[in-house]
2 protein chains.
Amino acid sequence: MERAAVTARTSPESARDIPEATVARLPVYLRALTTLSEQGTGTCSSEELAGAAGVNSAKLRKDLSYLGSYGTRGVGYDVDYLRYQIAREIGVTQDWPVVIVGIGNLGQALANYSGFRSRGFRVVALLDADPARRDEVVAGIEVRPFDDLEGIVREHSVAIGVIATPALSAQDVADRMVACGITSILNFAPFPLNVPDQVDVRKVDLSIELQILAYREQRKTGQGAPA
Amino acid sequence: MERAAVTARTSPESARDIPEATVARLPVYLRALTTLSEQGTGTCSSEELAGAAGVNSAKLRKDLSYLGSYGTRGVGYDVDYLRYQIAREIGVTQDWPVVIVGIGNLGQALANYSGFRSRGFRVVALLDADPARRDEVVAGIEVRPFDDLEGIVREHSVAIGVIATPALSAQDVADRMVACGITSILNFAPFPLNVPDQVDVRKVDLSIELQILAYREQRKTGQGAPA
DNA sequence: CCCGGTTTGTTCTCCCGTTCACAAACTCCT
DNA sequence: AGGAGTTTGTGAACGGGAGAACAAACCGGG
Ligand SMILES: NC(=O)c1ccc[n+]([C@@H]2O[C@H](COP(=O)([O-])OP(=O)(O)OC[C@H]3O[C@@H](n4cnc5c(N)ncnc54)[C@H](O)[C@@H]3O)[C@@H](O)[C@H]2O)c1
Ligand SMILES: NC(=O)c1ccc[n+]([C@@H]2O[C@H](COP(=O)([O-])OP(=O)(O)OC[C@H]3O[C@@H](n4cnc5c(N)ncnc54)[C@H](O)[C@@H]3O)[C@@H](O)[C@H]2O)c1
């Protein structure tokens, strides 16, 4: 493995570079472990956990092996211990401040979602360019003008921004975010954002998901049109 | 590849099996082409289209080659012609009826989203188990009891269902959907659905997206904690 | 102390997707 | 008509991820 050299020079504790695909599954394991823990399960095998997470057990074990050797052969994994290790690896042991820009249909739903808070994300501000939206209070947070972005980002050291504006505004918003020092963006607008290399963007595009389903659906029915 | 046999029996025109990854990008190209068309662009090169879609031009050409040879060497692609070909391949030349179950924060945002309609998806019903939600009208559509699912699915030949209920209800809802004949599910609840093989599920998990960003963010700052 | 049963961690192989690079094909200008 | 310039479509090399399979490690009982 030629990556051994690189791995060796990184910092001592848990800093090996984890494959992209594995990183995307760790949150799923985390959630499954939380559920198991709440059910009072103290220990679980890779088979059980894989079942709860909806993945193959071999894949699960391989994924966990990137973090280190946290299991015990012949026994399994200690639920709470493993949960903490994954949480620490992902970085959700502490709170991440987040700003949401674009408080329309989707932005309001996001602001109202309790699942973010419980997973280590704290919405510190809701921003919207529309003056009519000011003074509105969504999820107990006042909607503020978009120009307040820079001040808020500095004050709370915000690193993560969420874009829920129309597609046409998305690039402008992203540019402003980057200028303020935000380095991670979750984009709901159907527009391919152009950002500097050091800035990470993840996009969520609901229409695309439906279109993928439509494609498969069409093939199932022998490309017949729906009703 | 053992799936070749299956492919062979499908109908003659444009029924090659397209790689998963390509299918996921076709909607992106479709949107980029629509934008170009609205701007009055009649022809575009793979380089231009790739730029508008945010991908590599080589990848774009390879993706399009799975559909057939719709370009002209030395010239490029006819925007409207290519757009139609992709739309036909995906199956969005006709309307797909869709039901949304769970009309809470997220379900309401989805119901109000105009982008689905314009991309070939028609919300035929909003369903919720909470009696308090009945008689509410969201996006001009009346919220109906969950038990109406079967009748609606039959009446409109619905093949695609969207789940926006809490995680604990998601599996029940999915089971009911499958029992009614729905064969494609878009799941927003953070729960790994268990469905028969012939049913396609795509999940959208917003918390996971944020957690992936948090992981990368943590590595950027030398695993330091945020403010 | 030893042995059978269990489960992890890892190795190996295969497949899918990405990217490079280039020949084939087309246009336009002379 | 021919050649220069442009752009597509694809063959081939490469890297990463999925899954099977197995050896190493652990537990408990005798
Ligand atoms: N609603 C959904 O379910 C849904 C589904 C899929 C995709 N999307 C996408 O998510 C985005 C938001 O959707 P929506 O339905 O909430 O739209 P919306 O029109 O309800 O809300 C958009 C909000 O963004 C604000 N805004 C516009 N320009 C801005 C700017 N430059 N700076 C700050 N704020 C600005 C508007 O004032 C408005 O409040 C869109 O890009 C849409 O395509 C939404
Ligand atoms: N709101 C968000 O932005 C957001 C973000 C990420 C994930 N999610 C997920 O999306 C789902 C919905 O989120 P939400 O914020 O809209 O929740 P919500 O509580 O606002 O709405 C859930 C709705 O589902 C209905 N419901 C419950 N059980 C049902 C059943 N068995 N059949 C039919 N309807 C039922 C409830 O009556 C309620 O109206 C949740 O699983 C949540 O984790 C939401």
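Computed over heavy atoms, backbone and side chain alike; hydrogens, waters and symmetry mates excluded. Each chain gets a letter, A, B and so on, in the order the sequences are listed, and its residues count up from 1.
- Considering only the side chain of A/Arg73, D/dA25 comes nearest among D/dA21, D/dG9, D/dA25.
- As rounded to whole Å, 13 Å separates atom P of C/dT8 from atom CG of A/Asp78.
- In this structure, the CG atom of B/Asn56 is 16 Å from the P atom of C/dG17, given to the nearest Å.
- For the pair A/Asp63 CG and D/dA18 P, the interatomic distance rounds to 7 Å; values are reported in whole Å.
- What separates CG of A/Leu49 from C1' of C/dT7 is a distance of 14 Å, to the nearest Å.
- Mapping B/Arg25 and A/Gly71 onto DNA chain C by nearest heavy atom places A/Gly71 at the nucleotide closer to the 5' end.
- In this structure, the side chain of A/Trp96 does not engage the main chain of B/Leu210 through any donor-acceptor pair within 3.5 Å.
- For the OP1/OP2 pair of C/dT8 and a distance below 4.0 Å, the side-chain nitrogens and oxygens of A/Ser46 include at least one atom meeting the criterion.
- In summary, A/Asp78 and A/Arg83 do not engage in a salt bridge, as defined by a charged side-chain N under 4.0 Å from a carboxylate O.
- Among the protein residues, A/Glu47 comes within range of no part of the nucleic acid, since none of its heavy atoms lies under 4.0 Å from any strand.
- For D/dG17, its base never sits under 3.5 Å from the side chain of A/Lys59 at any donor and acceptor pair.
- As a whole-Å value, the separation of B/Tyr70 OH from C/dA25 P is 19 Å.
- Between the CG atom of B/Leu60 and the P atom of D/dT10 there is a distance of 14 Å, given to the nearest Å.
- Of the side-chain N and O atoms in B/Tyr77, none sit less than 4.0 angstrom from OP1 or OP2 of C/dC26.
- The backbone N or O of B/Arg202 sits nowhere less than 3.5 Å from a side-chain atom of A/Glu209 that would complete a donor-acceptor pair.
- Residue B/Arg61 has no polar side-chain atom (N or O) positioned under 4.0 Å from OP1 or OP2 of C/dT18.
- Residue side chain B/Lys62 does not reach the base of D/dT10 through any donor-acceptor N/O pair under 3.5 Å, judged by distance alone.
- Of the residues near DNA chain D, B/Val75 and B/Ala58, the one whose nearest nucleotide (by heavy atom distance) lies more toward the 5' end is B/Val75.
- Closest approach to the B/Glu20 side chain among C/dG17, D/dA21, D/dG9 is made by C/dG17 (side chain taken as heavy atoms from C-beta onward).
- For residues 37-64 of chain A, the pairs satisfying salt bridge (charged side-chain N to carboxylate O under 4.0 Å, His left out) are A/Arg25-A/Asp63, with sequence neighbours left out.
- Residue B/Ser45 places its side chain closer to D/dT8 than to any other of D/dA18, D/dT8, C/dT8.
- Side-chain N/O atoms of A/Thr72 include none lying less than 4.0 angstrom from OP1 or OP2 on C/dT8.
- Between B/Lys220 and A/Asp200 there is a salt bridge, since a side-chain N of the basic residue sits under 4.0 Å from a carboxylate O of the acidic one.
- Distance, B/Leu67 CG to D/dT8 C1': 14 Å, rounded to whole Å.
- Atom OH in B/Tyr66 sits about 8 Å away from atom P in C/dG17, given to the nearest Å.
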